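Before any comments, here is the structure.
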Amino acid sequence: MSQHFIPAVFYRGGTSKGVFFRASELPADRGQCSAILLAALGSPDPYGRQLDGMGGGISSLSKAVIIGPSTHPDADVDYTFIQIAVDEPVADWSNNCGNLSSAVGHFAVDEGLVPASDGEVLVRIHQTNTKKLIHSRFQVRAGKAETAGDYVIAGVAGAASRIRLDFLEPAGAVTGKLLPSGRVLDHADLGSEGRFELSIVDATSLIVYVDAAAFGFDGSETPDEIEARPGVMAILEKLRRFAGVTIGLAPTPDGIGLQTPRIAMVAAPRSFTGLDGQRHEEDAFDIATRMISMQRAHRAIPGTGGLNLGVATQIAGTLPNRLSRPANAAGEVRVANPSGLVSVGAVVRHVGDRWMAESAVLFRTARRLMQGEIAVPLSLAR
């Protein structure tokens, strides 16, 4: 036999899908593990389809998760996220996926890693990429995570049981600072391609914000319309790498990885039609965003992207703050994205001369789609 089989579970978490592994089933060496994950997802694929693996040809469907016993005293499990590039041999361990975070508690309970009685349970998650804690609250029935329910999220057909995710002390997940440059606004001069205002915010993930109007957009565009506009994606990539160098992630733009930081366009509310055909009027949300992930326009919103934006809108002087309506009394902001609307919450305070993010909240759903063994080349077996 020329293949090696590894126990795995395939999950939808939020608007993403990924392959979940127990840590005990994979090698501890990160290089060996990355090779296995690339093979499992079907990367690199120059055709961009990942037909020879479990990936779906776009960043939100090309993800892997590793879960094991907690190494943190205040957590029940360790959770490591790996973003797999589609057309390059790149496994990026630098950040978290907020959407797949929603399936971690489900996996922990269903796999017997965390004992749970019926009713609402709390699974405390140590997110190893960011060294942060996440509290996942969800329903358990008959000893397993409940999937049936009436909660609907934009970008996912049908309803399911709601999961509440509390990201504790989300600031500085990548750089150790909520505002990595020390400023609410930075400026990038790309010569003939223009001058741009940027806001760089690090909360649950690291995101660079730019005003959609700088590209002639109003925040109502579809991902295809964004990618079809000549030169826009190339400029966004230059700005993303410029910001990465500005905050010291690498000495040159070429040294900035594909996933971190992300870049997002933001805009004031304007009516738009979602990818499902539903019309959303501008009074139904507070800010619009079109996020870029792994050099593609995202069709929904990364979970950590929504959380970051919820924090950023409450930091006076940032582009999201300038363009958003104020958060409600509970600290919630309604965010428009190509798939519809999502509400995110955050507790942000200005103490002395510092901005502090105490928590961020996201509601998602998740479902186990498949369980069994995944095949990789025998040469990759431990």
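Remember, predicted model here, so these are calculated numbers, not experimental data.
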Exceeds 12 heavy-atom contacts within 6.0 angstrom, atom [atom1] of [X]:
X	atom1	answer
Arg325	CZ	yes
Tyr47	OH	no
Lys17	NZ	no
Met370	CE	yes
Asp52	CG	no
Arg49	CZ	no
Glu169	CD	no
Asp189	CG	yes

Is a donor on one side and an acceptor on the other found under 3.5 Å between the side chain of [X] and the backbone of [Y]?
X	Y	value
Arg22	Glu111	yes
Arg299	Pro338	no
Asn129	Phe81	yes
Asn99	Ile301	yes
Thr318	Ala312	yes
Gln314	Gly331	yes
Ser220	Ser271	no
Tyr209	Thr289	no

From Ser60, Ser16, Ser59, residue fulfilling side chain to side chain donor-acceptor pair (under 3.5 Å) relative to Ser293: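 It is Ser59, the one option of Ser60, Ser16, Ser59 that forms the side chain to side chain donor-acceptor pair (under 3.5 Å) with Ser293.
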Out of the candidates His126, Gln127, Lys132, only one should pair with Thr130 under the side chain to side chain donor-acceptor pair (under 3.5 Å) rule; please name it.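 For Thr130, the side chain to side chain donor-acceptor pair (under 3.5 Å) test succeeds with only one of His126, Gln127, Lys132, which is Gln127.
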Determine, for [X] against [Y], whether the closest basic-nitrogen to carboxylate-oxygen distance falls under 4.0 angstrom.
X	Y	answer
Arg141	Asp118	no
Arg241	Glu237	yes
Arg290	Glu221	no
Glu227	Arg296	yes

Check for me, please, whether [X] and [Y] land in the same ILVMFWY cluster - side-chain distances under 4.5 Å, paths through other members count.
X	Y	value
Val65	Val109	yes
Ile134	Val121	yes
Leu307	Leu206	no
Tyr79	Val174	no
Ile6	Leu41	yes

Below 4.5 Å, heavy atoms only, C-beta onward: do [X] and [Y] meet side chain to side chain?
X	Y	result
Ser136	Leu165	yes
Arg12	Thr365	yes
Leu319	Glu197	yes
Pro261	Arg240	yes
Ile247	Asp202	no
Asn321	Val184	no
Arg162	Asp150	no
Ile200	Leu179	no

Looking at every non-hydrogen atom in both residues, tell me the closest pair between Gly18 and Phe10 and how far apart they are.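 Scanning both residues completely, I find the closest heavy atoms to be O-CD1, 3.3 Å.
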Separation between [atom1] of [X] and [atom2] of [Y], rounded to the nearest 0.5 Å:
X	Y	atom1	atom2	value
Asp74	Ile125	CG	CD1	14.0 Å
Asn337	Ile287	CG	CD1	12.0 Å
Leu122	His135	CG	NE2	5.5 Å
Glu373	Gln3	CD	CD	11.5 Å
Leu198	Leu239	CG	CG	5.5 Å
Arg30	Trp93	CZ	CH2	5.0 Å

Give the ring-plane orientation class for Phe20 versus Tyr11, where under 30° counts as parallel, over 60° as perpendicular and anything between as tilted.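 Answer is tilted, since the angle falls between 30° and 60°.
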Just say parallel, tilted or perpendicular for the rings of Phe196 and Phe215, cut-offs at 30° and 60°.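 Correct class here is parallel.
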Can you list the steps and then say if Ser62 with Gln50 is a side chain to side chain donor-acceptor pair (under 3.5 Å)? CA-CA 9 Å; Ser62 186; Gln50 293 176 307; 2.8 Å; yes
For residues [X] and [Y], is any side-chain donor paired with an opposing acceptor at under 3.5 Å?
X	Y	answer
Thr71	Asp78	yes
Thr313	Ser324	no
Thr204	Asn308	no
Thr128	Thr80	yes
Asp92	Ser94	yes
Ser70	Arg124	no
Thr273	Arg279	yes
Thr222	Asp224	no

Checking side chain to side chain contact (heavy atoms under 4.5 Å, CB included) against Phe21, which of Ile82, Leu37, Val9 comes through?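 The side chain to side chain contact (heavy atoms under 4.5 Å, CB included) with Phe21 is passed solely by Leu37 among Ile82, Leu37, Val9.
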Under the side chain to side chain donor-acceptor pair (under 3.5 Å) rule, what do Asn95 and Ser205 come out as? Steps first, then yes or no, please. CA-CA 6 Å; Asn95 217 325; Ser205 65; 4.9 Å; no
Leu113 vs Phe107, test: side-chain contact (heavy atoms from CB on, under 4.5 Å). Steps then yes/no. CA-CA 8 Å; Leu113 298 174; Phe107 180 93; 3.9 Å; yes
Does the pair Val114 and Val77 meet the rule for a side-chain contact (heavy atoms from CB on, under 4.5 Å), with working shown? CA-CA 8 Å; Val114 175; Val77 293; 3.9 Å; yes
The test is side-chain contact (heavy atoms from CB on, under 4.5 Å); show your working for Trp355 and Val348 and say whether it passes. CA-CA 7 Å; Trp355 285 98; Val348 179; 3.8 Å; yes
